[in-house]
Amino acid sequence: MVRVPFRAAADRVRHRLTRFTRPKSAARTTARTPGDLTGSAPKPYVRALSMLAVVVIGAWLGLLAVGSIRTPVGPMDTNMTLRPSLTGGSKINVSPLGALELDSHIAPLRLDVDVDRLDPVRSQALVNQPERFSGLQDEVTRDVAAGTRELAVRSCVAVISGATALGLVVYRRPRRALAAGGLALTLLAASGVSAYATWNPKSVLEPKFSGLLSSAPSLVGDARSIVTEFDIYQQELARLVTNVTRLYDATSTLPVYQPDPGTIRALHVSDIHLNPAAWHIIASLVKQYEIDVIIDSGDTMDHGSAAENGFLDPIRDLGAPYVWVRGNHDSMVTQAYLEKFRNVRVLDDGRTVNVAGLRIAGTGDAQFTPDRSKPVGGKAAAELEGMRLATSLRDQEQAGTPVDIAVAHDPNTARQTDGTVPLVLAGHLHNRINEQLKGGTRLKVEGSTGGGGLRAVQNDKPEKVRASVLYLDRSTRRLQAWDEITLGGLGLTTAEVSRHLPEENLKKDAPSSPSPTPSPTRSPARPTPSP
């Protein structure tokens, strides 16, 4: 009784496929019987497309049915699966903490790894014998390699079986069904070659976190662990498993980020636009990341009026020095108010300050447009202000006190400093830009830390809240890595952290920065944040 509906469904599929592939004239003149596909031959490209559809659908169904394996990886039990994908990559789901996404390869297949549970015996052994962590990387490497091989074999069987079975149902010809299975195997092999050719072992150094894991970017390791050998992939993968193990063992808290004691951590914020929620976010980031200095590239206010000055008072209690430049929504009244704060360093007209082991210079925006009108001077005025800043930076270099970071509000101003400073920060666009300029200067434009401000409620979609943590080497004051923090806008609760590394740090024997040699008078000791 069960086979009758199935056979009727198969006949309907074959009948519709016959009507689609047969020329209309043949359909009118040729008598057909149920299951007969021997009428006038369809066009070659139509036959090829129908065969391709059978292969893809059959392979996909096969992967869904049996294309996954359960395998141990270190102390964890995981489920590894291949899934069709337009972009490829790998996704590690650590329920209920969130997920990590890696740009590990480019192919029409994605590797999903679901961490089901922590084996109590193996995890307890690691907790009781911490020295075993040193050999965990070899164990993880062996487990992943063995699991990948088993998954490859299982996927081949699943793809061939699925395509062959569907081909047999549709065509009722063993030869064509076997052809479908062979084509499916060929497509899988091509996908494997594509994944192998585009395999990126460094992707584990730049993961994208989501869920609760966005609060633990340290899972990928120290920001200074930047090398290019393949064995670093094994080490970082082992470190990832290690930290997740400890994370489960703690059960209630995420692991605290422990950077190198000499690393300088700067928090880049911009375009707060009177959003009071931004101060809570900044204070949380300062505490979580142990920030040494906060750099604000302007547009903290919306109209720059004296009545708004009280909005700035929480800056006193953020727990770190605050470096600020004027944006086109900030007035001289705003600037004068901030200059009275003990922990605030206001930069304008190329002024330079030493704070948290860094020498920072900046200038305020050339325009004041609180009504969001088009600036009178426009781009030309911004570029002229940038030229003045660049001149000041050159003067500092000639005086033997080179600047480490320049700050401006408008990216058009910031671009004029190319070649005079290693790193320049800006805002204004409410969107992130990371660009290596022709003269060697890296331009980093931050999005809106205030989610576009209170005016964002007028938009169709909430604007995201953005900030970045910059990691700089204390001896060279050069950028080593940065974490981009992205939060959902008004009414949203999403959180995402992604780590990025400068291109030069991913290459062996990278050429030194064209910026001047750092002054030897800097103290290597970790500074105490200003009150």
Side-chain angles (χ1 to χ4, degrees), residues 214-215 217 257 265-331 333-347 355-356 360 362 364 370 407 409 425-428 430 432 446-457 459 462-470 483-497 529-531:
S214 62
S215 300
Y257 180 60
R265 292 162 295 269
L267 177 63
H268 183 199
V269 301
S270 189
D271 296 86
I272 294 175
H273 286 292
L274 281 182
N275 187 347
W279 301 130
H280 298 281
I281 295 170
I282 293 173
S284 175
L285 292 173
V286 168
K287 182 178 180 181
Q288 177 183 342
Y289 285 87
E290 299 180 1
I291 295 298
D292 295 302
V293 57
I294 305 166
I295 302 177
D296 187 340
S297 50
D299 270 6
T300 313
M301 310 295 260
D302 218 8
H303 298 88
S305 64
E308 297 172 322
N309 284 345
F311 169 76
L312 302 170
D313 291 343
I315 292 177
R316 303 176 191 267
D317 303 318
L318 292 178
Y322 200 93
V323 177
W324 181 86
V325 299
R326 188 179 66 252
N328 61 295
H329 284 258
D330 305 316
S331 66
V333 173
T334 304
Q335 181 165 313
Y337 189 79
L338 279 172
E339 287 174 339
K340 301 175 182 178
F341 291 17
R342 291 181 55 191
N343 66 321
V344 174
R345 313 291 191 270
V346 174
L347 304 182
V355 57
I360 307 174
V407 189
H409 178 65
L425 306 179
H428 187 57
H430 292 205
R432 287 193 178 110
E446 188 53 78
S448 173
T449 309
L454 297 182
R455 297 193 192 189
V457 298
N459 301 332
E463 187 171 333
K464 292 184 177 181
V465 174
R466 294 180 171 91
S468 295
V469 177
L470 313 178
D483 290 341
E484 293 182 349
I485 296 96
T486 305
L487 308 176
L490 294 174
L492 302 180
T493 58
T494 59
E496 183 178 284
V497 178
S530 300

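Numbers here simply count residues along the sequence, with the first being 1. Every value quoted in this text rests on a predicted model; they were computed, and no experiment measured them.
In this structure, Glu446 contributes its side chain and Ser468 its backbone to a donor-acceptor pair below 3.5 Å. In this structure, Asp292 contributes its side chain and Ala320 its backbone to no donor-acceptor pair below 3.5 Å. No donor-acceptor distance shorter than 3.5 angstrom exists from the side chain of Asp271 to the backbone of His430, with no hydrogens or angles considered.
Separating the CG atom in Asp299 from the CD1 atom in Ile272 is a distance of 10.0 Å, to the nearest 0.5 Å. Atom OH in Tyr322 sits 4.5 Å away from atom CD1 in Ile315 (nearest 0.5 Å). His268 contributes atom NE2, which lies 12.0 Å from atom CD1 of Ile294 (distance to the nearest 0.5 angstrom). Remark: Leu318 CG to His280 NE2 distance equals 10.5 Å, nearest 0.5 Å. Within the model, atoms CD1 of Ile360 and CZ of Arg345 stand 9.5 Å from one another, a figure rounded to the nearest 0.5 Å. Between Arg326 atom CZ and Leu347 atom CG the span is 11.0 Å, to the nearest 0.5 Å.
For the side-chain contact (heavy atoms from CB on, under 4.5 Å) test, residues two or more places apart in sequence or in another chain that qualify with Ser305 are Ala307, Glu308.
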side-chain contact (heavy atoms from CB on, under 4.5 Å) assessment of Asp302 paired with Phe311: CA-CA 11 Å; Asp302 218 8; Phe311 169 76; over 6 Å; no
side-chain contact (heavy atoms from CB on, under 4.5 Å) between Leu470 and Leu425, intermediate numbers included: CA-CA 11 Å; Leu470 313 178; Leu425 306 179; 4.1 Å; yes
Verdict with supporting geometry, Leu274 and Met301, side-chain contact (heavy atoms from CB on, under 4.5 Å): CA-CA 5 Å; Leu274 281 182; Met301 310 295 260; 4.3 Å; yes
Candidate pair Arg466 and Glu484, rule side-chain contact (heavy atoms from CB on, under 4.5 Å), full reasoning: CA-CA 7 Å; Arg466 294 180 171 91; Glu484 293 182 349; over 6 Å; no
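Considering every non-hydrogen atom in both Val465 and Gly450, the closest pair reads CG2-C, 4.4 Å. Between Thr449 and Ala278, the shortest heavy-atom distance links the atoms O-CB, 3.9 Å. The two residues Ser297 and Gly427 come nearest to each other via the heavy atoms OG-N, 3.6 Å. Here the closest non-hydrogen pair linking Ser448 and Glu463 is CB-OE2, 3.5 Å. Contact detail for Ile485 and Asp483: the closest heavy-atom pair is CD1-O, 3.6 Å. In this structure, Pro314 and Gly310 approach most closely via the heavy-atom pair CD-O, 4.2 Å.
Counting heavy atoms from C-beta on, the side chains of Val407 and Trp324 never come closer than 4.5 Å. In this structure, Tyr337 and Leu312 have side chains that are in contact, with non-hydrogen atoms separated by less than 4.5 Å.
Under the side chain to side chain contact (heavy atoms under 4.5 Å, CB included) rule, Ile282 has a single partner from Val269, Asp296, Ile291, which is Val269.
Relative orientation of the His428 and His409 rings is perpendicular, given thresholds of 30° and 60° on the angle between their planes.
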